[in-house]
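The structure appears right after this line, and notes come after that.
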Protein chains: 2
Amino acid sequence: MTPIKAEIHSRMDGMTPAERKVARALLANYPSAGLASAASLAKTAGTSSPTVLRLVTRLGLAGYPEFQARLREEITLESRSPVHRAEHGEPDPAINAELNAFVLPRRELLERMVSMVPASEFDRLVKLLAAQPRAVLISGGYYSVNLAELLALQLDQIIPNVSLAREPFGRDSGKYLDLKKNAVVIIFDFRRHEMASTKVAQQAKQSGATVVVITDQELSPSAADADIVLPVPVDGIPFDSFIGLMVLVEAIVEATFRQTRDSGLKRMKNWEENIHAYRAFAATPHPEEES
Amino acid sequence: MTPIKAEIHSRMDGMTPAERKVARALLANYPSAGLASAASLAKTAGTSSPTVLRLVTRLGLAGYPEFQARLREEITLESRSPVHRAEHGEPDPAINAELNAFVLPRRELLERMVSMVPASEFDRLVKLLAAQPRAVLISGGYYSVNLAELLALQLDQIIPNVSLAREPFGRDSGKYLDLKKNAVVIIFDFRRHEMASTKVAQQAKQSGATVVVITDQELSPSAADADIVLPVPVDGIPFDSFIGLMVLVEAIVEATFRQTRDSGLKRMKNWEENIHAYRAFAATPHPEEES
DNA sequence: CCAAACTTGTATCGAATATTACAAATTCTA
DNA sequence: TAGAATTTGTAATATTCGATACAAGTTTGG
């Protein structure tokens, strides 16, 4: 059964002016406005109750009581959804209360991440990657390098020329020296353990590469040289959390995959085959890498 | 204004049997049940409408209409909360709709993680770690090794003798051969890229170490040799997600920290000092590791 | 610009609802 | 166990609500 809200949205065009007023009043305070009397809804909408009734019947409902019953049903359904249950209401006794205490603040972090990352910046990065640049070089800090590596490994499944530079000034310095135009450099730079990332960013910028910096809200100095900056909240009590960053990484991978459709799919298939071939080989003499 | 639900909960004790029936019926389907007529609520509760009315007035409300108005108010308030807005309804225009689409399914994953990890197993692992075993050895698979490393790095801040074995049968095989009793081995083992983790687990078990396996729901074969198994959901459409695993890792670290209070805090301070000393050293000749 | 079609609000009626009074049933107290 | 107090349901009542008929107003099409 489609929600009344959706039904109204889709029928808005074919409504008469007065009916539209009712629809707006209902949607503005959905579903509360519909749970009071038809007269009160008419009043807040600035029309009369017959208009409300007419709208309801035109929606295919038998009458106002049925309309309200549907609304109540929707409320019931929604409050039974697992997401809602976690937000409000009594904790499921089958749930690990202690663990849940760790999850709650992290969920807030996700909220903030979503409203913090500008859609435009995110899209630009994804478009950039989906265009398959000549090189994608990824670096990170003491902790964040692990997320960087995860990004590198997963991106590598979708587009070519991805590599991780664990030590930009050590054994991986060659990768940075070889940078050409059309290259993309992604730098993870978070507080606490500040880093030489500023130099990495500057150097990359001078090579003509597109510089992407993923950092926390107190923008790192490396953001100055960046073409794209993705801010991610990481602060928590008492420990910081990389949840936001993790989701961002996964989102980048998934969005890039969607935008490369055919070629990305193709590469993933090749990748899988290679893995299997490798396993067949590795299994016989001595076991090696895994999950 | 306190929610009616809370008011009912706190007054449950002082209610008469019939009123309690009404209260239960209302809470069982809150707030829907209260938004229909008093008679219908009475019917589902198995009593009469006067009883419903009496309960309502005893709650301090003037009458049933006022009671319903309060319920509608609560609905309005809740649907205006930022959390709810993110879940359902129109997306906040300031929000990145595309990114949000990636966050939503991952939040469900967190739900499932919380209800999937048994509290007892989690607690046992934390107690084990907080007791500061002689050695904590951590291994992971192709992707999950990055989460394993994150766990190792962060645990190392809190308790001694933590190390990561990237290649249990390669350069890190010594670490496994040196295993003694009182050691703890944590193995990340997820599907897709199955691994030699079974052998690692077996070997560790034979050395007398406590074996902890963190895996997805289709329990890996290594779970057979494990003393503690922490199942984590990772399945997603179309890509898997490590969000659940990430939160679990952070939860393990944080819970362990809480249980080691003094000694953990002390170690963290030493740690910080070392980092600063290292930075002071590294900054002068040539930059190195970072954020 | 006129007439037909369509909207919309007022007034009215019947039905459903909340509310109250009262009596039966139950529980508590001595 | 007897009486009092409390709880609970039945029945009657007054109010509100949804629904409908109808007329005034508006828009549309020729």
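Reminder, nothing fancy here: chain letters follow the sequence lines and each chain counts from 1. Because only heavy atoms are used, hydrogens play no part in the values below, and waters and symmetry mates are left out as well, while side chains stay in.
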Worked verdict on A/R112 versus A/D235 for salt bridge (charged side-chain N to carboxylate O under 4.0 Å, His left out): CA-CA 11 Å; A/R112 287 173 44 210; A/D235 55 303; 3.1 Å; yes

Residue pair B/A38 / B/L53: nearest heavy atoms and the distance that separates them: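 Distance-wise, the nearest heavy atoms are CB-CD2, 3.8 Å.
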
Exercise: identify the closest heavy-atom pair between B/V229 and B/P231: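 Of all heavy-atom pairs spanning B/V229 and B/P231, the closest is O-CD, 3.5 Å.
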
B/L230 and its side-chain contact (heavy atoms from CB on, under 4.5 Å) partner, picked from B/I186, B/V213, B/I214: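 Answer to the side-chain contact (heavy atoms from CB on, under 4.5 Å) test with B/L230 among B/I186, B/V213, B/I214: B/I214.
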
Interatomic distance, A/K43 NZ vs C/dG9 P [rounded to whole Å]: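 Interatomic distance, NZ of A/K43 to P of C/dG9: 15 Å.
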
Nucleotide C/dT7, atom P - distance to CG of A/L55 in whole Å: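 Atom CG in A/L55 sits about 13 Å away from atom P in C/dT7.
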
A/M246 CE to A/L248 CG distance, which is reported to the nearest 0.5 Å: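 Spacing of CE (A/M246) from CG (A/L248) equals 11.0 Å.
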
Atom pair CZ (B/R124) and CD1 (B/I228), whose distance is rounded to the nearest 0.5 Å: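 Between B/R124 CZ and B/I228 CD1, I get 4.5 Å after rounding to 0.5 Å.
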
B/E7 atom CD, over 12 foreign heavy atoms within 6.0 Å: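 Count over threshold, so yes.
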
Donor on one side chain, acceptor on other, B/N29 and A/T76, under 3.5 Å: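 Per modelled atom types, B/N29 and A/T76 side chains form a pair under 3.5 Å.
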
Backbone N/O of A/E66 and side chain of A/R70: donor-acceptor pair under 3.5 Å: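 No; judged by distance alone, with no hydrogens or angles, the pair does not exist.
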
Any donor-acceptor pair under 3.5 Å from A/E254 side chain to B/F239 backbone: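 No: the side chain of A/E254 does not pair with the backbone of B/F239.
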
For DNA chain C, the residues among residues 12-20 of chain A that have a non-hydrogen atom under 4.0 Å from it: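 Residues of residues 12-20 of chain A that come under 4.0 Å of DNA chain C are, in numerical order, A/T16, A/P17, A/A18.
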
First and last nucleotide of DNA chain D, 5' to 3', lying under 4.0 Å from heavy atoms of chain A: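 Here the contact window of chain A covers D/dC17 to D/dT20.
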
Heavy-atom protein contacts under 4.0 Å, nucleotides 18-28 of chain C, coded B base, S sugar-phosphate only, - none: SBB--------

